[in-house]
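First up is the structure itself, then whatever we jot down about it.
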Amino acid sequence: MRVLGIETSCDETGVAIYDEHHGLLSHQLYSQVKLHADYGGVVPELASRDHVRKLVPLIKESLREANCSAKDIDGIAFTKGPGLVGALLVGSSVARSLAYAWNKPAVGVHHMEGHLLAPMLDEPAPEFPFVALLVSGGHSMMVKVEGIGQYEVLGESVDDAAGEAFDKTAKLLGLDYPGGPLLAKLAEKGEAGHYKFPRPMTTKPGLDFSFSGLKTFAANTIRASDGTEQTKANIAYAFQEAVVDTLAIKCKRALKHTKLKRLVIAGGVSANKQLREELAAMMKSIKGEVFYPRLEFCTDNGAMIAYAGLQRLKAGELEGLSTKAKPRWSLEDLAAI
């Protein structure tokens, strides 16, 4: 089976073609970063309009790259939710229209399931069961994964997601949007020992996350600082260290709770170098395994949607003609396959 995947949940337009025997045949991605930079964050209406402009040209380019035509495609997968409702409607409308015109089956994919399965795009792929840490700009959650669609959410953010906290703290430091990667780069110039940030909700039982208070602590620290570049770097270092330590502590707790020794990290924040190093060291200490997506598949992309959609289509799931976007959608509502 060969599936065309479409991702339009937020500010990236992703299109890919995945073949169950030959793997990824094409991968096209357009980022709206420059469009939203002047506003310091994603403007939903602008995001939707840009998806309208870019999606069809990217589909054509993806077909050209894969040396495919409509007759070579066996199904179409698209992000049905969660995400910005306008952006989701662009992808779902185009995908469902193409499926109707080409007489192909279509399936709506859960955006976070796409992230969760992104490490499957490369070898070695993680085997079930495992614990998954999904960390991005909009989501932070810990999930026990028994199989595709067999998800138990162990904990999630009660306020700001980890990626959101990175971006907001970066803005307080005067960095451009999106600030998360820039903060991580600035932190490389920082020195340890100058600041000690709290590790939120690590002294309480449970696996929920909270990064809003950490962002406020960073804001107060920045306000009281001398504002030099080295001081900003030291604050960035301390902030990143606190987020990474917090995520590592929660991962270790989740693995102990589930009695598993296999960990998957996915989502935009999974590209963070310090997070990867700390979790790799932690898993080595307990003789476990850790898996990440390739860096280009950490952020939103069509490849993960094509792969997840392939699994759903093979299981017989189909989308009706009157599909509707789901801006809010729990992972635990998905059917097991």
- Interatomic distance, Ser9 atom OG to His110 atom NE2 [nearest 0.5 angstrom]: 11.0 Å

- Task: Indicate yes or no: at least one non-hydrogen side-chain atom of Trp329 is less than 4.5 angstrom from one of His111.
- Result: no

- Query: With a 6.0 Å cut-off on ring centres, are His194 and Tyr237 close enough?
  - Reply: no

- Cluster question for you: counting only ILVMFWY and a side-chain heavy-atom cut-off of under 4.5 Å, with indirect links fine, are Leu172 and Phe197 together? yes

- Query: Charged N to carboxylate O under 4.0 angstrom, Glu20 versus Lys314?
  - Reply: yes

- Message: Between Arg64 and Glu61, does any side-chain N to carboxylate O distance fall below 4.0 Å?
- Response: yes

- Query: Just wondering, do Pro82 and His139 contact through their side chains at under 4.5 Å, heavy atoms?
  - Reply: yes

- Task: Starting from the C-alpha separation in whole Å, work towards a yes-or-no answer on salt bridge (charged side-chain N to carboxylate O under 4.0 Å, His left out) for Glu319 and Lys80.
- Result: CA-CA 10 Å; Glu319 198 72 35; Lys80 188 172 182 176; 2.7 Å; yes

- Which residues pass the salt bridge (charged side-chain N to carboxylate O under 4.0 Å, His left out) test with Lys168, sequence neighbours left out? Asp160, Glu164

- Message: Could you tell me if the side chain of Arg223 sits less than 4.5 Å from the side chain of Asn220, heavy atoms only?
- Response: yes

- Query: Is the Phe239 to Tyr195 ring centre distance short of 6.0 Å?
  - Reply: no

- Quick one: are Glu65 and Ile17 in side-chain contact, heavy atoms under 4.5 Å? no

- Task: Using salt bridge (charged side-chain N to carboxylate O under 4.0 Å, His left out) as the criterion, list what pairs up with Glu12, not counting sequence neighbours.
- Result: none

- Item | Test side chain to side chain contact (heavy atoms under 4.5 Å, CB included) applied to Phe291 and Arg262, step by step | CA-CA 8 Å; Phe291 298 85; Arg262 196 174 293 120; 3.6 Å; yes

- Message: Restricting to salt bridge (charged side-chain N to carboxylate O under 4.0 Å, His left out), what partner residues turn up for Arg2, sequence neighbours left out?
- Response: Asp19

- Item | pair Met304-Glu113: side-chain heavy atoms closer than 4.5 Å | no

- Item | Shared hydrophobic cluster, Met142 / Val153 (ILVMFWY, side-chain heavy atoms < 4.5 Å) | no

- So, do Arg312 and Ile148 sit near enough that their side-chain heavy atoms are less than 4.5 Å apart? yes

- Message: Around atom CG of Asp226, are there more than 12 heavy atoms from other residues, nucleotides or ligands closer than 6.0 Å?
- Response: yes

- Message: Using the rule that Ile, Leu, Val, Met, Phe, Trp and Tyr join whenever any side-chain heavy atoms are under 4.5 Å apart, tell me whether Val143 and Leu260 fall into a single cluster.
- Response: no

- Side-chain heavy atoms of Tyr30 within contact of Asp50, under 4.5 Å: yes

- Item | Linked, directly or transitively: Leu207 and Leu279 (ILVMFWY side chains, under 4.5 Å) | yes

- Do Trp102 and Leu4 have side chains that get closer than 4.5 Å, going by heavy atoms? yes

- Report, as yes or no, whether the 6.0 Å neighbourhood of atom NZ on Lys252 holds more than 12 heavy atoms from other residues, nucleotides or ligands. no

- Message: A quick test of your reading: do over 12 heavy atoms of other residues, nucleotides or ligands sit less than 6.0 Å from OH of Tyr39?
- Response: no

- Item | Transitive ILVMFWY side-chain link Val33 to Leu55, under 4.5 Å | no

- Taken to the nearest 0.5 Å, the spacing of Glu241 CD from Thr246 OG1 works out to 10.0 Å

- Query: Counting heavy atoms not belonging to Lys250, are there more than 12 under 6.0 Å from its NZ?
  - Reply: yes

